[in-house]
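Here the structure comes first, spelled out in structure tokens, and everything after it is commentary.
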2 protein chains.
Amino acid sequence: MHSDDKNGIDYSMLQSRLGYKLRRAQLVYFDVFSEACAQEGITPGLFGILAIVYHNPGLTQTAVSNALDVDRSAMVAAIDKLEGMEVVERRKSKHDRRSYALYLTEKGKAFTERLDRQVNEGESAFDSFLSEEERRWLLDTLDRIIQARKGG
Amino acid sequence: MHSDDKNGIDYSMLQSRLGYKLRRAQLVYFDVFSEACAQEGITPGLFGILAIVYHNPGLTQTAVSNALDVDRSAMVAAIDKLEGMEVVERRKSKHDRRSYALYLTEKGKAFTERLDRQVNEGESAFDSFLSEEERRWLLDTLDRIIQARKGG
DNA sequence: GTTAGAATGTTTATGTGATAAACAATTTAT
DNA sequence: ATAAATTGTTTATCACATAAACATTCTAAC
């Protein structure tokens, strides 16, 4: 009954745990992302916002927070920062005076496109050991995990 | 060229990004883990420590932090808490008066075994849509991602 | 052996991010 | 017109990661 060893350490309870492996793998991608664009002051969370607003201009803060499954209170500081960087702007909605419609500035569009390329390069240079088929399978499986939760 | 839609929202820049999906999937598992044992005051990070010390009694704090790839400064508060719960104990090392050897108490062993079962149940009730083969493939792939970083 | 360098546990600080409660202003439903 | 829900916001807490610095102790070089 010899155990799962690495550097002489027994990882029995963690080795086959998806939650643990997902956490470790996510940390790796966080590092890769940071190397790709930490210099720009953009974190994965901020990039998510840019990506959503880029392709869906005019959404409210709450709509973006729903799209990314984060609390809407988290949007305030994030949008404040992106507005300070002059890549996103809040425009008052005519239909609903409570809410803002979010748009990328011209600078923000170019910025987002550049970040998208940089992150793609950084990630693909790193996960090129995955075939395109494996990559798709992995993405689909992760999606199934994410969706499985929605129903519960 | 109609785009990746969900609830009428275009996820183009995120849809095929492994980092994003890993983050979301990890969040899901964090929730499942929490439901399984948040009542015991145990977080995923603390469980990792218990799992390592359970199978590798006598390791120093630094050795455990290396095993889990966290900074050793993060161990202090964690071990403090586990010691306060009377599940882990620090014993002064005879060979090195700087360091402690970590051990589970009898209570800690039973506690860890129970948590292990609870988390296994919580996770498997949730990811049962994966075949055993798919699960192994997923674990292996995540391992490859984690290991790929070590070399770079 | 003494001395210089490295390692151990520790404290303190910063930052990211998730989560939750509460509030005023506004909109929607009754 | 009144009650209920929604929007952005503030504030708080917690998990977790990272980094610098420090005293004590050990290791290596001389």
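The chains referred to below are lettered A, B, ... by the order of the sequence lines, with proteins before strands, and numbering in each begins at 1. Values below: every heavy atom of this structure, side chains too, minus hydrogens, waters and symmetry copies.
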Between Asp80(A) and Asp31(A), which is nearer to the 5' end of DNA chain D once each is assigned its nearest nucleotide? Asp80(A)
For Asp96(A), the option from Lys92(A), Lys94(A), Arg98(A) that meets side-chain hydrogen bond (donor to acceptor under 3.5 Å, both in side chains): Arg98(A)
Phosphate contact (dG8(D) OP1 or OP2) by Thr62(A) side-chain N/O below 4.0 Å: yes
Considering only heavy side-chain atoms of Ala74(A), the closest of dA17(D), dT19(C), dG17(C) is dT19(C)
Quickly work out the Leu46(A) CG to dG15(C) C1' distance and round it to whole Å. 12 Å
Run the numbers on Arg17(A) and Asn120(B) for side-chain hydrogen bond (donor to acceptor under 3.5 Å, both in side chains), then give the verdict. CA-CA 8 Å; Arg17(A) 191 147 267 150; Asn120(B) 277 341; 2.5 Å; yes
Walking DNA chain C from its 5' end, the first of Lys94(A) and Val70(A) to be reached, judged by nearest nucleotide, is Val70(A)
Whole Å only: how far is the CE atom of Met75(B) from the P atom of dA15(D)? 16 Å
Quick check on the 6.0 Å ring-centre criterion: do Tyr11(A) and Tyr20(A) meet it? no
Could you state the atom-to-atom distance from CD1 of Ile42(A) to C1' of dG15(C) in whole Å? 15 Å
Could you state the atom-to-atom distance from CZ of Phe33(A) to P of dG17(C) in whole Å? 9 Å
Protein-nucleotide distance (Glu89(A), atom CD; dG8(D), atom C1'), rounded to Å: 18 Å
So what does Ser73(B) touch, heavy atoms closer than 4.0 Å: a base, only the sugar-phosphate, or nothing? base
What contact category does Asp96(B) fall into here, base, sugar-phosphate, or nothing, at under 4.0 angstrom with non-hydrogen atoms? sugar-phosphate
In terms of side-chain heavy atoms of Arg97(A), which of dT9(D), dT10(C), dT27(C) is nearest? dT27(C)
Would you check if there is a donor-acceptor pair between the side chains of Asp10(A) and Tyr54(B) at a distance under 3.5 Å? no
Whether the side chain of Arg72(A) and the base of dG8(D) hold a donor-acceptor pair under 3.5 Å is what I'd like checked. yes
In whole angstroms, the gap separating C1' of dA15(D) from CG of Asp71(B) amounts to 15 Å
What integer distance in Å separates Leu82(B):CG from dA15(D):P? 12 Å
Counting distance alone, no hydrogens or angles: does the base of dA25(C) have a donor or acceptor under 3.5 Å from a partner atom on the side chain of Arg98(A)? no
Which nucleotide in dA15(D), dT7(D), dT10(D) has an atom nearest any side-chain atom of Ser99(A): dT7(D)
Separation of Leu68(B) atom CG from dA15(D) atom P, in whole Å? 17 Å
Answer yes or no: is there an ion pair linking Glu89(B) with Lys107(B), defined by an N-O contact shorter than 4.0 Å? no
